[in-house]
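Single-structure report; data block below.
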There are 2 protein chains.
Amino acid sequence: MRLTRAGEYGIRCVLHLARHGRGTLVSRKEIAARTDVPAHFLAKIAQQLARAGIIEIMQGANGGYRLLADPSEISLLSVIEAVIGEISLNDCVTRPGSCHNSATCAIHRVWGKANRELRDTLRGTNFAAMAAEESCCLTSFPETGAGRRDDSDEARP
Amino acid sequence: MRLTRAGEYGIRCVLHLARHGRGTLVSRKEIAARTDVPAHFLAKIAQQLARAGIIEIMQGANGGYRLLADPSEISLLSVIEAVIGEISLNDCVTRPGSCHNSATCAIHRVWGKANRELRDTLRGTNFAAMAAEESCCLTSFPETGAGRRDDSDEARP
DNA sequence: CGATATAAGACTAAAAATATCTTATATATC
DNA sequence: GATATATAAGATATTTTTAGTCTTATATCG
Ligand code: SF4
Ligand code: SF4
């Protein structure tokens, strides 16, 4: 009944990009450092965000990630579900077949309602407002992570 | 982001008891068979429900479980949280200290709101209505579980 | 007492989450 | 084109959580 770490990281990544605005390229390294996410883990999450059409990944020197849409058009729900899949408070909500009983189950309907409400709330939240907040999440993370200084993929000579 | 199996089992157990009414003693064996829950697992869950004051456990021959309160006074939320602990959609909701940043985080507030809504919905659902439903969950489980015939703790002579 | 229940917690197995490592590929710059 | 720097992609490893089982102890009825 909780968000996974990957989901939380995905949100941080998009929020950081949203603060730079749509289309601005930001390196994975910077995002990882500023949002306190392991760089390699971020790579994986970014791939899922890219597949969902939320960000674009630029390879090569001076590569990085950029937002494809305007922050106001990106909902919290779409980011979360891009990373962890469709939200489902109980198995039978998204897979009614998992319980032979779901067709007539009173509890099933309660879960369905709660699930709908939750998704609607998250769908109703976009990144424009959050990015604009004076004290946003990500400004509080240190610019150069003390314990996470060197996340480069390359070995030093 | 999903209910654990233990939570689901706890709900089934209470619902089954609710259908018998407050104070009626039902054996663990019967509950386990009718709700399709492993008997030993149910024992563990029942202990948590007992600690939360929802059911009472009677030991000895002809023992079993009984509801302490009227089904109308037992909310879905109380049963779930008795089994899986307080609902928390994200770590920082129940443990703000887990992220040094929660005090000023815009996303944090969204999670707080969503979490409150979810808990309110579950709090607003009690077992009286669900137990009264014509085709309740538990009637659909076979009376004698085909693959779960013998859940006795005792070895046969 | 003896049969039949659950208590309590140790133990095991399976699954999922989290993170890392390795090899490959793309791009800018020289 | 060569080189340095970036991400891609997926295999692998570690840790944590979930799910279930097993064993020994205790309570109650008849
Ligand atoms: S018993 Fe009802 S709530 Fe539980 S899994 Fe089956 S359909 Fe869902
Ligand atoms: S960054 Fe915000 S939402 Fe994420 S864990 Fe920290 S306080 Fe919670």
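Chain letters run A, B, ... following the sequence lines, proteins first and then strands; every chain starts at 1. Computed from a predicted model, the values in this text were never measured in an experiment.
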Specify the separation, in whole Å, of atom [atom1] of [X] and atom [atom2] of [N].
| X | N | atom1 | atom2 | value |
| --- | --- | --- | --- | --- |
| B/Glu30 | C/dT4 | CD | P | 18 Å |
| B/His40 | C/dA13 | NE2 | C1' | 16 Å |
| A/Leu3 | C/dA17 | CG | C1' | 12 Å |
| A/Ile55 | D/dT7 | CD1 | C1' | 11 Å |
| A/Glu56 | C/dA26 | CD | C1' | 14 Å |
| A/Ile84 | C/dT18 | CD1 | C1' | 14 Å |
| B/Gln59 | C/dT6 | CD | C1' | 5 Å |

Heavy-atom closest pair, residues [X] and [Y]:
| X | Y | answer |
| --- | --- | --- |
| A/Pro96 | A/Ser102 | O-OG, 2.8 Å |
| A/Ala52 | A/Ala82 | CB-CB, 3.6 Å |
| A/Ser88 | A/Val93 | OG-CB, 3.7 Å |

Requested in this report: Scan B/Ile57, B/Ile54, B/Leu42, B/Leu17 and name whichever one has a side chain to side chain contact (heavy atoms under 4.5 Å, CB included) with B/Leu49.
Outcome: B/Ile54
Among [options], which is the nearest nucleotide to the side chain of [X]?
| X | options | value |
| --- | --- | --- |
| A/Pro38 | C/dT6, D/dA8, C/dA19 | C/dA19 |
| B/Phe41 | C/dT25, D/dG20, D/dT18 | D/dG20 |
| A/Arg5 | D/dT7, C/dA19, D/dG20 | C/dA19 |

Query - N or O in side chain of A/Tyr9 less than 4.0 angstrom from C/dA19 OP1/OP2 - result: yes
Query raised in the report: Short question: side chain of A/Asn115, backbone of A/Ile87 - any donor-acceptor pair under 3.5 Å?
Result: yes
Report summary line: Residues in residues 61-68 of chain A with a heavy atom under 4.0 Å of DNA chain C, by number, are A/Ala61, A/Asn62
Report task. Residues of residues 42-54 of chain A with any non-hydrogen atom less than 4.0 angstrom from an atom of DNA chain C: list those, numerically ordered, please. Result -> A/Lys44
Query raised in the report: Relative to the 5' end of DNA chain C, which residue comes earlier, A/Ala6 or A/Gly60, by the nucleotide with the nearest heavy atom?
Result: A/Ala6
Query raised in the report: If two hydrophobic side chains count as joined below 4.5 Å and joins carry through other members, does B/Leu67 share a cluster with B/Val26?
Result: yes
Query raised in the report: Of A/Ile57 and A/Arg2, whose nearest nucleotide on DNA chain D comes first from the 5' end?
Result: A/Ile57
Query - Given A/Asp120, A/Asn126, A/Thr125, the one that forms side chain to side chain donor-acceptor pair (under 3.5 Å) with A/Arg123 - result: A/Asp120
Requested in this report: Under the side chain to side chain contact (heavy atoms under 4.5 Å, CB included) rule, collect the residues that match up with B/Gln48, sequence neighbours excluded.
Outcome: B/Arg51, B/Val83
Query raised in the report: What is the distance from atom CD1 of B/Ile31 to atom OH of B/Tyr9, rounded to the nearest 0.5 Å?
Result: 15.0 Å
